[in-house]
Amino acid sequence: MWLFLAFLIVPLIEIALFIQIGGLIGLWPTLAIVVATAVIGTMLVRSQGLATLSQLRGSMERFDDPSQPLFDGAMILFAGALLLTPGFFTDAVGFALLTPAVRRGLMSYLKRHVQFFQTGTGQGGPTYSYSRNPSASDDLIEGEYEEIDPDKSSGPGNSGWTRH
């Protein structure tokens, strides 16, 4: 439902802004602004994306929590898509997502509603899991299992729990 509303409301906002701004400054300056924001946004996305990739690589090498660089990378990718979409509203949201303070604020909001926790340490370092509702972790049951090949069992009906 939210996605449907976004696809309905965002184009209406963009059309209204194009009409208002185009009426104030004219057609060609309006188009020049749209093209300039796409070019500037592409350069910013590239530089911030490379920096975030470097941060992600560093956190993986140190076996640190990679959630912040991964979140930053996803938001930078989303910002790039918004900046390449013609429009003033999408450009404003895209440039806002390129601001580290906005991304940190979104991440802190997300952390309040989604709980991340380390679930184990494998050969490649720690592994992480999440729960959508932080209070839902009370229902978490941890355990280990081992698969047993039925061909190697001690026979039908003999589970090994009793003696014959």
Side-chain angles (χ1 to χ4, degrees), residues 1-26 29-142:
M1 182 66 171
W2 289 105
L3 193 58
F4 173 73
L5 288 174
F7 278 111
L8 181 67
I9 293 171
V10 170
L12 292 175
I13 293 171
E14 293 293 2
I15 291 169
L17 287 172
F18 271 122
I19 291 170
Q20 290 293 318
I21 294 171
L24 288 174
I25 63 174
T30 303
L31 293 177
I33 290 172
V34 170
V35 171
T37 57
V39 170
I40 293 168
T42 302
M43 292 187 301
L44 287 171
V45 165
R46 182 175 181 213
S47 67
Q48 287 193 16
L50 291 173
T52 302
L53 190 60
S54 175
Q55 290 172 357
L56 178 62
R57 189 176 304 124
S59 70
M60 295 295 232
E61 289 172 357
R62 293 184 307 275
F63 298 117
D64 287 343
D65 180 13
S67 59
Q68 186 66 46
L70 284 172
F71 183 77
D72 286 345
M75 291 299 101
I76 290 169
L77 182 66
F78 187 58
L82 290 174
L83 288 167
L84 289 176
T85 303
F88 293 103
F89 179 72
T90 54
D91 287 345
V93 174
F95 279 122
L97 289 176
L98 289 179
T99 308
V102 171
R103 291 195 307 262
R104 279 192 303 270
L106 284 173
M107 184 68 173
S108 68
Y109 174 79
L110 183 66
K111 281 184 177 182
R112 282 194 303 271
H113 294 355
V114 177
Q115 183 179 25
F116 293 89
F117 50 92
Q118 185 173 340
T119 57
T121 303
Q123 291 179 348
T127 56
Y128 296 91
S129 183
Y130 73 94
S131 170
R132 288 180 188 234
N133 184 358
S135 63
S137 64
D138 297 339
D139 298 334
L140 182 67
I141 300 173
E142 292 189 34

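Along the sequence shown, the residues carry numbers beginning at 1.
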Take Ile76 and Leu98 through the side-chain contact (heavy atoms from CB on, under 4.5 Å) test and state the conclusion after the steps. CA-CA 6 Å; Ile76 290 169; Leu98 289 179; 4.3 Å; yes
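Between the side chain of Thr99 and the backbone N or O of Phe95 there is at least one donor-acceptor pair closer than 3.5 Å. Here the side chain of Glu14 pairs no donor or acceptor atom with the backbone of Pro86 at under 3.5 angstrom.
Shortest non-hydrogen contact noted between Ala6 and Pro11 is O-CD, 3.8 Å. When all heavy atoms are compared, the tightest approach of Ser47 to Leu44 is OG-O, 3.1 Å. Considering every non-hydrogen atom in both Val45 and Ala79, the closest pair reads CG2-C, 4.5 Å.
Between Phe88 and Val34, the closest side-chain pair of non-hydrogen atoms falls below 4.5 Å. Within the 4.5 Å cutoff, side-chain heavy atoms of Thr37 are placed close to those of Ile33. For the pair Leu56/Asp72, no side-chain contact is recorded, criterion being any heavy-atom separation below 4.5 Å from C-beta on. No side-chain heavy atom of Thr42 sits under 4.5 Å from any side-chain heavy atom of Leu83. Contact annotation: the side chain of Pro69 never approaches that of Met60 to less than 4.5 Å [non-hydrogen atoms, C-beta and beyond].
For the atom pair Phe89 CZ and Ile13 CD1, the distance stands at 4.5 Å (nearest 0.5 Å). To the nearest 0.5 Å, atom CD of residue Gln68 and atom NZ of residue Lys111 are 6.0 Å apart. Going from atom CG of Leu12 over to atom CG of Leu17 covers 11.0 Å, rounded to the nearest 0.5 Å. The distance from atom CG of Leu77 to atom OG1 of Thr52, rounded to the nearest 0.5 Å, is 11.0 Å. Expressed to the nearest 0.5 Å, how far CD of Gln55 lies from CG of Asp64 amounts to 11.5 Å.
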